[in-house]
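Below: one structure, written as structure tokens.
Predicted model only: the values in this text are computed from it and were never measured.
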Amino acid sequence: MKIINEFIDQYNKEYDYYQKLSQIVSNKIEDQLFKRGIKAIVSFRAKKPERLLDKLVKRNEKKKYKNLNEIYEDIVDLAGIRVSLYFPSERELLNEIINEIFDVKLKKDFPDNTHTPKYTKRFSGYWATHYRVQLKEHHLTKRYQNTLAEIQVASVLMHAWSEVEHDLVYKPYSGELSKEELSILDEINGLVLAGEIALERLQSAMALRTEKSSKIDDKYELTNYIFNYFKNKENIKFGNTYLINNFLKTNEKIDTKLLNEYLNLINLEDKESISNQLLDIYMNDSNAIQKDLIKKYINNLNLPNSNTPIFERFLKCWSILDETSLILTNDEYKFDKTKFKYSGNRFDLLLKKNYINSEELNIILDLRVLRNELVHNLKVPKVLNTDFESLMTITRKLINKVEDKKSREKLEDTLNKI
């Protein structure tokens with residue numbers, strides 16, 4: 001008990017530290033959930049000293065702690081964050097977010113077959129994913145970077161049931177539960193699992209209703225719709241749906257028919273995420289230039305005024321380059337763009353077809369880095385007039401190689417208006 005009491009005394013002094021760490025992690029998750037249009041309830045806490053003492057006393061019966069370090073290594077949830085999802089199937093979206101914004105040290109999926117329950121259950125119990133994470137390097141949170149926090153992700157229904165079961169079964173303050181009481185908890189678990197199935201059906205029904213409507217004007221509807229469109233596919237990387245939401249603010253409402261056409265162009269074998277591909281498809285559509293959507297998108301980013309004109313011209317020119325490349329690499333001059341999947345290696349094909357040389361390919365790839373920093377990463381790159389001129393030169397050269405006169409003249413006219 002001496003080691004435990006010493007640990008509790010030290011933890012009392014550190015309690016505010018763990019509370020602040022859990023708050024920082026919680027805020028980062030909430031920020032991404034809001035931006036990406038995912039409905040969830042996020043809560044956080046540092047473990048209460050009195051509850052921690054009770055836990056340590058019980059665990060010490062088997063662990064036989066010899067020093068403070070052994071306790072720190074054993075108790076991983078001193079800073080705890082809980083994410084309660086409205087729709088349980090969106091756990092994979094949370095997995096993508098957590099791996100993106102934190103340094104994940106361990107991931108654990110439940111049910112855990114290594115655990116032996118106190119009662120033979122008919123239902124499968126706790127369905128969730130737990131993460132042990134550390135903050136990524138940042139000067140504002142440097143003090144907290146090397147400390148673990150635990151994130152628990154489950155549905156709102158599952159978290160409610162697990163809280164009741166955990167406190168009654170594993171922390172009984174009024175004696176062991178009877179077989180009847182355990183049976184009732186198991187029955188409630190069955191209702192919760194049925195409720196999760198109902199939530200998934202509700203999510204699909206919402207997506208179907210959205211599909212039947214002509215417009216999408218809500219970011220939660222958009223995320224849900226995209227998620228359901230690909231939910232039966234494996235190894236999907238959805239990416240930061242905030243990016244596509246940010247661009248679509250320029251339209252205010254999204255045409256569902258057009259969105260379906262663009263989603264059909266997504267190439268699941270490409271290394272780019274679905275969100276990045278969709279954003280590229282939207283921005284590289286000639287309609288984006290004609291409706292001045294790129295200018296509105298740039299304005300939404302709140303860049304310094306001095307940079308806005310060059311970024312706008314750069315992105316418009318890039319859209320023309322991409323459309324020209326699409327024509328040249330598909331060997332068709334009168335074509336429907338909805339027939340062709342997204343291709344991130346289109347510029348390599350230009351080289352293979354001898355439309356550009358290796359030096360020009362390297363220039364294009366360098367320019368693509370600048371473009372993606374702004375469009376995909378929301379970072380302000382250093383775009384100089386010389387970069388824009390290089391892009392214009394290569395684009396004009398490629399346009400001249402388009403054999404179909406009508407297509408070539410249309411591209412030239414669009415380029416000249418930039």
Side-chain angles (χ1 to χ4, degrees), residues 35 215-217 219 222 226 239-255 258-259 261-263 265-266 272-327 337-338 340 342-344 346-347 364-396 398-399 407 410-418:
K35 286 179 176 178
K215 300 288 183 182
I216 303 175
D217 58 2
K219 66 181 177 182
L222 177 62
I226 295 173
N240 191 345
T241 53
Y242 170 68
L243 298 174
I244 189 65
N245 274 318
N246 188 62
F247 178 68
L248 294 174
K249 284 179 187 176
T250 59
N251 266 341
E252 294 183 358
K253 294 187 178 182
I254 305 159
D255 184 286
L258 183 62
L259 176 62
E261 290 180 3
Y262 288 162
L263 288 173
L265 297 176
I266 298 296
E272 287 289 355
S273 69
I274 288 173
S275 290
N276 282 355
Q277 289 189 45
L278 189 57
L279 184 60
D280 287 347
I281 293 167
Y282 261 105
M283 293 191 71
N284 291 342
D285 191 318
S286 56
N287 288 330
I289 298 178
Q290 293 169 12
K291 294 180 180 179
D292 230 5
L293 299 185
I294 291 178
K295 181 177 182 179
K296 294 177 182 176
Y297 172 78
I298 294 281
N299 290 337
N300 282 341
L301 298 179
N302 296 318
L303 299 174
N305 291 332
S306 58
N307 291 334
T308 300
I310 188 63
F311 283 135
E312 180 188 340
R313 298 179 72 197
F314 186 91
L315 292 182
K316 285 181 177 179
C317 187
W318 186 272
S319 296
I320 299 168
L321 171 68
D322 194 80
E323 185 170 353
T324 306
S325 302
L326 181 62
I327 296 173
K337 282 194 290 185
T338 60
F340 303 113
Y342 177 92
S343 177
R346 188 173 298 137
F347 303 114
I364 290 175
L365 295 179
D366 287 341
L367 293 172
R368 183 168 65 174
V369 171
L370 295 177
R371 183 257 184 198
N372 288 353
E373 282 294 286
L374 178 64
V375 176
H376 292 170
N377 301 326
L378 295 183
K379 294 180 180 177
V380 180
K382 213 172 186 181
V383 177
L384 303 175
N385 287 321
T386 51
D387 297 316
F388 174 68
E389 292 301 327
S390 296
L391 180 60
M392 284 283 284
T393 300
I394 292 176
T395 303
R396 201 174 295 279
L398 290 173
I399 290 175
S407 297
K410 182 181 177 183
L411 290 166
E412 287 175 344
D413 182 60
T414 308
L415 187 66
N416 290 334
K417 289 179 180 177
I418 295 178

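Looking at heavy atoms from C-beta onward, Ser273 lies out of side-chain contact with Asn240 at the 4.5 angstrom threshold. At least one side-chain heavy atom of Trp318 sits less than 4.5 Å from a side-chain heavy atom of Leu367. The shortest distance between side-chain heavy atoms of Lys316 and Leu415 does not fall below 4.5 Å. Proximity of Ile274 to Ile226: side-chain heavy atoms (C-beta onward) are separated by under 4.5 Å at one or more points. When side chains are defined from C-beta on, Phe347 counts as touching Leu321, because their heavy atoms get closer than 4.5 Å. No side-chain heavy atom of Thr414 sits under 4.5 Å from any side-chain heavy atom of Glu323. By the 4.5 Å heavy-atom criterion applied to side chains, Glu389 and Ile394 are not counted as neighbours.
Distance check, rounded to the nearest 0.5 Å: CD of Glu261 to CG of Asp255 gives 8.0 Å. In this structure, the separation between CG on Leu411 and CD1 on Ile399 is 5.0 Å, given to the nearest 0.5 Å. From Asp322, atom CG reaches atom CG of Leu398 across 11.0 Å, with rounding to the nearest 0.5 Å. Atom OH of Tyr342 sits about 11.5 Å away from atom CG of Leu265, to the nearest 0.5 Å. For the atom pair CG (Asn385) and OG (Ser390), the distance works out to 10.5 Å, reported to the nearest 0.5 Å.
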For Thr241 and Lys35, what are the C-alpha separation, side-chain angles and deciding distance, and is it a side-chain contact (heavy atoms from CB on, under 4.5 Å)? CA-CA 8 Å; Thr241 53; Lys35 286 179 176 178; over 6 Å; no
Given the rule in the side-chain contact (heavy atoms from CB on, under 4.5 Å) test, do Tyr262 and Leu278 qualify, once you have shown the distances and angles that lead to the verdict? CA-CA 7 Å; Tyr262 288 162; Leu278 189 57; 3.7 Å; yes
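Remark: the backbone N or O of Glu272 is paired with a side-chain donor or acceptor of Gln277 at under 3.5 angstrom. With Ser319 contributing its side chain and Met283 its backbone, the two residues share a donor-acceptor pair below 3.5 Å.
One side chain, Asn416 or Arg396, offers a donor N or O that lies under 3.5 Å from an acceptor on the other.
Taking every heavy atom of both residues into account, Leu222 and Leu259 meet most closely at CD1-CD2, 3.9 Å. The heavy-atom pair separating Phe388 from Ile310 by the smallest distance is CB-CD1, 3.7 Å.
Looking at Arg371 and Asp280, a side-chain N of the basic residue comes within less than 4.0 Å of a carboxylate O on the acidic one, giving a salt bridge.
Tested against Val375 for a side chain to side chain contact (heavy atoms under 4.5 Å, CB included), the candidates Leu370, Leu279, Ile294 yield a single pass: Leu279.
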